[in-house]
Peer 1: 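Sharing a structure below in C-alpha cells format, with a few things to ask.
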Amino acid sequence: MRSTPIAVDGVSKVFGEDTSKPFQALKALDMHIEPGEFVSVVGPSGCGKSTLMLMIAGLLPATTGTLTVGDKRVKGPITDVGIAFQDHLLLEFRTAEKNVLLQGEIRKLDKAKVKARSDELFEQLRLNHAKTRYPRQLSGGMRQRVSLIRTLVHDPSVLLMDEPFGALDALTRLQVRTDLEALWLERRPTVVFITHSVEEAVGLSDRIFVMSPSPGEVVDEIVVDLPRPRPIVLGESPEFARYVERIYKQFQRMGVLHGIEIPA
Ligand code: ADP
Ligand code: MG
C-alpha cells in the first residue's frame, strides 16, 4: 500500500460568494494527516464536515487555502480514493458482487485482479452468501458492508468516509466499526472519517479533530493512544471514557450540549 499524507492549509469555504447572501460554512482550517493515519472529524450537524470532505475529494473547490493529497495539489476530483457516504448508493438492478465489480469497470482495472480482491473482501466480511443477492434482499448492515467492499476493492491509498454508519442500528454499527478497523489495519490507507458519534470517533481513530458549530473551525485535536485492535465494547475502559468526556466537554463549552452534567 502506498502511503499518502493529506494536508489542509488555510482552507475555508464560503457558499454563494457572488450573491447578496454569502454564507461562511468553514473558517480557515489547517489539518495535517500522516500517511496511513486514521483521523476522525467530529462536530455538530451543519458545522461543515461534509463540505470539508468534498473539498479533500476535489469535488468542491475551496474558497481560500490549499489542499494536498500525496504530493499533488487538489484541483479536481482525486482518483486514488475510496469514498463512502451514509447512503450505501448500491444499484438496485445489480447483485452485491456486480455492484462491487462496477468500481473496477468504471476505473478500467484488470478484471481478474479486482475479482480476486473482491472475493477476499466478501470472505473477510462474511458475505459470501450475499454475492448473488440484490440490494433489496440484504439487511441494512449487509448493504453497508457491501458498499464498504466497493469502496475498498481497488485498494485506494486514501479513504474518505462521511458518516458511513449513520443509518445503521447500534449493534450493526459496532460490528461494522470493528470490521472497518480490521480492514484498515491490514493495508493502512490514510482515512478521514466523519462522524457525529463521539464514541465511534474514539473507537476508531489515531487522532480526532473536534469542530465548532457553524462556521466550523477546529477547536481541539486529540491523539487517541489506545491499543489496537480495539475491543468491540470500549465503554468500560477508563481511558476510553476520558477521551469521550473530553470531547463532550468541548461541545458543552460551545453550547452544543445543554442540561447535561458531565462530571469534572
Ligand atoms: P455537516 O456535514 O457538518 O452537517 P455540511 O458541510 O453539510 O455540514 O454543511 C455546512 C453548512 O453549509 C450548512 O449550513 C449547510 O446548509 C451549508 N451548505 C452546504 N452545502 C451548501 C451549498 N451547496 N450551498 C449553500 N450552502 C451549503
Ligand atoms: Mg454532513
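Scope of the values below: all heavy atoms of this structure, side chains included, with no hydrogens, waters or symmetry mates. Positions are given from 1, in the same order as the sequence printed here. Atoms within a ligand are numbered from 1 in the order they appear, just like the ligands themselves.
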Peer 1: Between the side chains of E181 and R177, is the shortest nitrogen-to-carboxylate-oxygen separation below 4.0 Å, so that they form an ion pair?
Peer 2: no
Peer 1: What's the verdict on side-chain hydrogen bond (donor to acceptor under 3.5 Å, both in side chains) for S237 and E239, showing C-alpha distance, side-chain angles and the deciding distance?
Peer 2: CA-CA 5 Å; S237 128; E239 293 83 13; 3.2 Å; yes
Peer 1: Between R230 and E199, does any NZ, NE, NH1 or NH2 come within less than 4.0 Å of an OD or OE carboxylate oxygen?
Peer 2: no
Peer 1: May I have a table of the N/O to N/O pairs between ligand 1 and the protein that fall below 3.5 Å, each row giving the two atom names and the distance to 0.1 Å?
Peer 2:
from     : atom 1 : to  : atom 2 : distance (Å)
ligand 1 : 2 (O)  : S50 : N      : 2.9
ligand 1 : 2 (O)  : S50 : OG     : 2.8
ligand 1 : 3 (O)  : C47 : N      : 3.2
ligand 1 : 3 (O)  : G48 : N      : 3.0
ligand 1 : 3 (O)  : K49 : N      : 2.8
ligand 1 : 3 (O)  : K49 : NZ     : 2.9
ligand 1 : 4 (O)  : G46 : N      : 2.7
ligand 1 : 6 (O)  : S50 : N      : 3.4
ligand 1 : 6 (O)  : T51 : N      : 2.9
ligand 1 : 6 (O)  : T51 : OG1    : 2.6
ligand 1 : 8 (O)  : G48 : N      : 3.2

Peer 1: Main chain of V39, side chain of R207: is a donor-acceptor contact present, judged purely on distance under 3.5 Å?
Peer 2: no
Peer 1: Taking K111 for the side chain and E105 for the main chain, is one N or O donor matched with an acceptor at less than 3.5 Å?
Peer 2: no
Peer 1: May I ask you to check whether S50 brings an N, O or S atom to under 2.8 Å from the Mg ion (ligand 2)?
Peer 2: yes
Peer 1: Does any pair with a residue in residues 58-71 pass side chain to side chain donor-acceptor pair (under 3.5 Å), and if so which ones, sequence neighbours excluded?
Peer 2: S12-T64
